[in-house]
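The structure appears below as structure tokens.
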Amino acid sequence: MATFSVAFLGCKVSHTDAHGMREALARDGHTERPDGADVAVVNSCCVTREAVRKSRAAAARAARSHGRVYVTGCGASLPGAFAGLPENVTVVRRRSEEAAAFVAGDVGPIACVGTDVRLERTRAFVKIQDGCSFSCSFCVIPLVRGATRSRRAGAVLAEIRRRVAQGHREVVLTGVNLGLFRDRESGCTLARLVREAGAVDGLDRLRLSSIEVNHVDEELVGALRETPTVGPHLHVPLQSGDDRVLRAMGRRYDVSAYLRRLEPLAGFNLTTDAIVGFPGEDESAFRRTLAAVEQAGITKVHVFPYSPRPGTVTAAEDSVPPAVKRERSARLRAASDAACRRRWREKVGREDVVLVDRPGRGYGADYSPWLVDGPVGELVRVRGAEVTQEGIRAA
Ligand code: SF4
């Protein structure tokens, strides 16, 4: 038997893949141990230069304290990203659906112990799709993850039932480009999957990790609004609020289309990703991003200072100085903080149901963060008392 630790960097898909890795190793009878394990797995990210730097640092650190290290995830498929690391590091350049089995096979099973592994206590991330067939000019993900492919709807629903039986209260449907999900054999679309997944007996909450605005159509909005377990939250990447920059990014919408498609989601807590300092983004283009975020009623903005990625259309372009990127990033984060606080203030004196996912913390129905006392893994009814830096404090 080996002991192992698994760390991940990056998005919810990386989180889901890391979880799959933990399950595969635990299923083979190995024991998870956060410190001092024999084997470390680093599920890496390469979406920005900084993400690669952090992934390399995590792998190098793990190589000093573990006998064997496996680097998996997006960064592992980026040529050269992990060159020069010590000999006990294995870079697993495989598609995500094969990586866990490869690592588990390489570590070596001691026995099939047949445990029904349950490693997360509250929220389960269930992958429905991987890869992306879009071609945004800045994005390395289609190169490292490949074209889109979907799981069968029946397999997704079976996994959700299994998660519910394990005691998970909430399921997050994850994918690289979720709207590309399509089970061609059964004809199941994302909207139908949302309805069927949301109706799984015993499930309290269902969320989508993120969705491109092109896929926010009438059918999906209907499913989100009419499925009682789906909370009023949606993460819809904007990337820029300037049409010229969006065109250069190879995004498939302009700002007015983005705003129009979100209109039917009035009342939802909308969150987004934005890239700051994309080549050619001047001050007025950046201000249009601030304006679009405000006009769409977005609260949380995940701000990514642009960095060129190898193999992409804009790999050789990086015209905005780092100091300008830092300054714009700070302004956008400040606007996001203010928008979050405005939404949180509306909850003072009102009731919500919070899923406690860590001691003292949890998320409400619309994914607003709450500070709350309650048993981890439970849904607790709360009333907002005041707004703090970190969320709404429950009375
Ligand atoms: S939609 Fe664009 S940004 Fe998102 S993964 Fe696909 S190519 Fe990358």
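Numbering of ligands and ligand atoms starts at 1, following listing order.
Residue Arg251 places a heavy atom less than 4.0 Å from ligand 1.
The distance from atom 2 (Fe) of ligand 1 to the nearest N/O/S atom of Cys139 is not under 2.8 Å. Atom 8 (Fe) of ligand 1 lies at 2.8 Å or more from every N, O or S atom belonging to Cys132.
When the options Val91, Val42, Val41 are evaluated for a side-chain contact (heavy atoms from CB on, under 4.5 Å) with Thr72, the one that passes is Val41. Considering Thr148, Asn177, Asp183 in turn, Thr148 is the only one that fulfils the side chain to side chain donor-acceptor pair (under 3.5 Å) rule with Gln129.
Dense packing is recorded around CZ of Arg225, with more than 12 heavy atoms of other residues, nucleotides or ligands lying under 6.0 Å away. Glu185 CD: 12 or fewer foreign heavy atoms inside a 6.0 Å radius.
Under the 6.0 Å distance and 45° angle rule, Arg331 does not count as a cation-pi partner of Phe286.
The heavy atom nearest to atom 2 (Fe) of ligand 1, considering only Gly131, Cys136, Gly179, Pro142, is found in Cys136. Between atom 4 (Fe) of ligand 1 and the options Arg252, Arg309, Arg145, Glu212, the minimum heavy-atom separation is to Glu212.
In summary, the atoms of ligand 1 found under 4.0 Å from a heavy atom of Asn177, numbered by their order in the structure, are 1 (S). Atoms of ligand 1 found under 4.0 Å from any heavy atom of Val176 (numbered from 1 in listed order, with element): 5 (S).
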field: Test log, rule salt bridge (charged side-chain N to carboxylate O under 4.0 Å, His left out), inputs Arg152 and Glu159
entry: CA-CA 11 Å; Arg152 298 292 311 275; Glu159 183 176 347; over 6 Å; no

